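Note that the structure is a prediction, hence the values are computed from the model and not measured. Naming: A, B, ... by sequence-line order, numbering from 1 per chain.
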2 protein chains.
Amino acid sequence: MTLEEVAKLAGTSRSTVSRVINDDPKVSDEVRTRVKRIIADTGYRPNASARNLAGKSTQVISLLVPRSPVETFNDPFYSLLLKGLSSVCNDRDYGLMLLMLDKSDPHMQHRLLNTHNTDGFILGLSLVNNNPFIPYLTERNIPFVSIGRHPYYTRINYVDVDNIGAAAEAVHHMIKLGLRRIATITFSLQVTAGADRREGYLRALTEAGITPDPELIVEGGFSSLQGYEAMRRLLPFRPEGVFVASDTMAVGAYRAIYEAGLRVPDDISVVGFDDNEQASHLVPALTTVRQPIAELGAVAAEILLDVISEEASQPVQQVLPCALVVRRSCGTPVSNIQMDGKSRVEVGVYLPGQLDTDLTLAFFSASHNEKCCRLI
Amino acid sequence: MTLEEVAKLAGTSRSTVSRVINDDPKVSDEVRTRVKRIIADTGYRPNASARNLAGKSTQVISLLVPRSPVETFNDPFYSLLLKGLSSVCNDRDYGLMLLMLDKSDPHMQHRLLNTHNTDGFILGLSLVNNNPFIPYLTERNIPFVSIGRHPYYTRINYVDVDNIGAAAEAVHHMIKLGLRRIATITFSLQVTAGADRREGYLRALTEAGITPDPELIVEGGFSSLQGYEAMRRLLPFRPEGVFVASDTMAVGAYRAIYEAGLRVPDDISVVGFDDNEQASHLVPALTTVRQPIAELGAVAAEILLDVISEEASQPVQQVLPCALVVRRSCGTPVSNIQMDGKSRVEVGVYLPGQLDTDLTLAFFSASHNEKCCRLI
DNA sequence: GAACGCTATGGGAGCGTTCCCACAAACATA
DNA sequence: TATGTTTGTGGGAACGCTCCCATAGCGTTC
């Protein structure tokens with residue numbers, strides 16, 4: 001079924017049918033209703049390829065995920081990101097393609113090259129080194145937005161959270177509780193977020209007049225196994241607290257701590273990063289940094305669509321705030337939390353009935369009527 | 001940059017360049033290398049829309065997710081499904097689009113209608129009632145594969161796990177341990193999988209000569225909150241064991257049990273379904289049914305691509321097996337597990353170092369050197 | 001040496017749209 | 001009445017490919 005065939009049935013021309021479909025006002029009401037009726041009767045669907053070919057835009061964007069270790073997928077990060085992306089795409093009538101590429105895939109180039117029907121890309125992970133995608137897309141003038149800034153390519157479009165600030169705040173939280181020997185297990189340093197969180201850790205220590213101790217800085221990665229191993233390397237140095245730069249790794253860290261016969265937070269305080277579902281299931285529930293991941297996706301999609309339609313000349317860069325979610329893993333009595341004047345505190349006792357998506361933080365902890373407190 | 005322009009630079013014709021791009025053998029080596037060089041130099045990318053228009057196929061399939069409660073996304077189900085889907089799509093050079101549609105979205109029809117560039121659909125959830133997608137796609141002769149069978153539309157392509165059999169096995173496991181008053185919290189009955197798991201529960205009881213007690217059957221849903229509430233409704237009836245038809249709900253069920261001052265498995269045994277990451281984090285670790293979700297996605301994609309290319313006349317229907325993963329939540333000493341002759345048992349003590357993606361079941365439980373045992 | 005095949009190549013037609021221009025009819029303006 | 005403007009409509013051209021057929025050049029066969 002084509003425009004021409006619909007036109008024939010409606011006793012009019014291809015052009016007029018096209019106008020009806022595209023809501024062009026210059027069609028008489030009579031013809032318009034006649035055409036619409038035929039379209040409904042025949043179940044005609046415009047051919048997207050033809051439209052795109054003639055119209056020079058595909059109305060589709062792609063999320064590019066450098067398919068890293070399987071952990072990529074155990075992480076709810078991409079689920080949430082997709083949620084944000086797809087809601088914006090739906091609103092603006094764009095399609096969303098998913099492109100999982102291993103940067104070491106020999107066909108990577110080919111797949112990117114032949115990626116069908118894409119007006120632009122969302123880069124799902126900001127690889128620090130050997131990021132083949134940014135130069136590739138830049139050279140070809142293909143619009144893209146990176147999830148996460150990039151330390152060297154500073155003139156790209158990106159959305160990021162304030163990793164440095166949030167990490168500093170997390171560490172600061174431990175410092176305020178009187179801890180001094182604070183270690184960190186870094187997130188993958190392959191990724192900007194990893195480097196930034198370490199940076200925030202260092203900044204908080206320095207600001208507090210504590211000299212960072214290299215022994216207390218261990219490189220982790222994405223997986224809880226890496227968190228586990230890193231924690232085991234750390235334990236001999238007897239840290240009082242650990243800033244674990246992802247909740248997934250924090251799970252592994254807990255395990256290492258328990259295996260060593262130590263307790264959280266009595267022997268070691270732990271702060272995570274992400275506010276995974278896991279964070280609230282851990283016992284004790286994990287104090288961590290909440291990132292607005294779905295919003296990150298939504299904003300990225302909006303920026304990309306704007307860039308595509310407007311050809312902005314200046315890079316668009318946006319940084320979203322995080323929030324520290326205080327639970328039990330640092331043993332904080334809520335009343336001890338001191339404010340720095342910049343954040344607002346929300347204190348609440350989460351009761352059983354309130355368990356819902358946004359309050360999963362209540363989870364197991366709630367069964368002890370734990371007080372939860374969020375800086376927002 | 002078009003074919004014609006490349007041809008001009010290479011001193012040949014559009015047709016020949018097209019042949020080079022499509023690996024047509026009928027091109028002399030000399031011309032071929034010349035053309036390839038020009039393509040590389042100019043960064044020429046074939047226009048997908050034009051290809052599709054001329055070639056009558058878009059090389060893209062869509063995953064259709066009826067965007068249900070937010071729970072959809074806390075569930076790792078779609079992450080894993082996407083993993084399977086995208087690996088097949090990559091292998092076969094297909095693109096994967098993501099289409100999140102609420103069936104109550106007034107523009108649903110419109111969005112489906114205008115979905116760009118799609119050769120076929122994967123239906124991500126088998127809605128039992130008011131499933132508007134199946135008739136829509138069937139009428140229009142658009143190829144699709146459903147994840148999960150459908151009770152009424154029996155002649156569609158689908159991939160499913162053996163929900164009935166697996167649920168029966170799970171309940172059978174409790175029966176073998178001597179439990180009699182076994183309750184169930186159903187999965188959303190809006191979904192085939194929910195109905196099937198209840199069916200399996202009933203079957204296992206009946207086969208064991210136990211009359212199902214309506215008081216012990218409570219409808220749950222997708223979320224852990226629903227699991228929590230269902231369990232609270234169930235507790236007054238003093239079940240000895242509960243088959244909770246999704247791990248996410250089992251988390252809520254645990255909580256209700258603990259709040260009532262009872263213990264798992266001492267007072268109540270629990271069996272879940274899914275083998276989420278959460279399942280192994282619970283204390284005690286949850287005995288549950290493992291579904292091969294990524295494989296489900298991969299098989300679905302393969303079937304869809306086959307259907308697209310071959311126009312199979314018979315519906316393709318495939319059922320994948322599940323495995324019962326026995327942990328602590330029924331208090332089973334491993335040696336007590338009796339075999340039914342159909343399954344093989346794998347018993348292992350998961351030690352700290354073995355923590356990896358596939359063995360997350362070891363998780364916290366592993367710190368107690370728990371014995372894990374899987375029927376495989 | 002004529003007829004035939006095979007190989008590499010070129011060009012036309014067509015895919016189903018959108019965009020633009022042409023044009024007829026009706027109406028407003030001088 | 002002649003001229004311009006507006007409104008609705010129709011058709012040509014183009015978008016950048018693929019597919020098919022035509023053909024030139026060459027070797028093979030009878």
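A side chain to side chain contact (heavy atoms under 4.5 Å, CB included) with B:Ser57 is found for one member of B:Ile308, B:Asp119, B:Asn52 and no other, namely B:Asp119.
The CG atom of B:Asn47 sits 13 Å away from the C1' atom of D:dA14 (whole-angstrom rounding). For B:Glu4 and D:dC17, the CD to P distance is 9 Å, given to the nearest whole Å. Atom CZ in A:Arg32 sits about 9 Å away from atom P in D:dG8, given to the nearest Å. In this structure, B:Arg51 atom CZ and D:dC17 atom P are separated by 8 Å, rounded to whole Å. Between A:Lys56 atom NZ and D:dA14 atom P there is a gap of 12 Å when expressed in whole angstrom units. Distance B:Gln59 CD to D:dC17 C1': 14 Å, rounded to the nearest Å.
Checking D:dC30 for Watson-Crick or G-U wobble geometry (two distances, each under 3.5 Å) identifies C:dG1 as its partner.
Mapping B:Arg34 and B:Leu53 onto DNA chain C via the closest heavy atom, the residue that lands nearer the 5' end is B:Arg34.
With values rounded to the nearest 0.5 angstrom, B:Leu64 atom CG is found 11.0 Å from B:Tyr136 atom OH. A distance of 9.5 Å separates CG in B:Leu98 from CG in B:Leu85, rounded to the nearest 0.5 Å. In this structure, CD1 on B:Ile156 lies 7.5 Å from CD on B:Gln317, to the nearest 0.5 angstrom.
Under the 3.5 Å distance criterion, with hydrogens and angles disregarded, a donor-acceptor pair is assigned to the side chains of B:Ser79 and A:Ser79.
Residue pairs that meet the salt bridge (Lys or Arg N to Asp or Glu O under 4.0 Å) test with at least one member in residues 144-160 of chain B, sequence neighbours left out, are B:Arg149-B:Asp196.
Ring geometry, B:Tyr153 versus B:His150: the interplanar angle falls from 30° to 60°, so the pair is classed tilted.
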Next on the checklist: As a quick check of understanding, evaluate salt bridge (Lys or Arg N to Asp or Glu O under 4.0 Å) for B:Glu30 and B:Arg34, giving each step before the final call.
Outcome noted: CA-CA 6 Å; B:Glu30 184 222 334; B:Arg34 191 146 36 95; 3.2 Å; yes
Next on the checklist: I'd like to know whether B:Asp41 forms a salt bridge (Lys or Arg N to Asp or Glu O under 4.0 Å) with B:Lys36, so could you lay out the CA-CA distance, the side-chain angles of the two residues, the decisive distance to 0.1 Å, and finally the verdict.
Outcome noted: CA-CA 9 Å; B:Asp41 289 353; B:Lys36 284 202 164 172; over 6 Å; no
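Using a 4.0 Å cutoff to heavy atoms of chain A, the contacted part of DNA chain C runs 5' to 3' from C:dG16 to C:dC20.
Contacts between residues 13-31 of chain B and DNA chain C, defined by a heavy-atom separation under 4.0 Å, are made by B:Ser13, B:Arg14, B:Ser15, B:Thr16, B:Arg19, B:Lys26, B:Val27, B:Ser28, B:Val31.
The residue A:Ser49 sits apart from the nucleic acid: no heavy atom pair falls under 4.0 Å.
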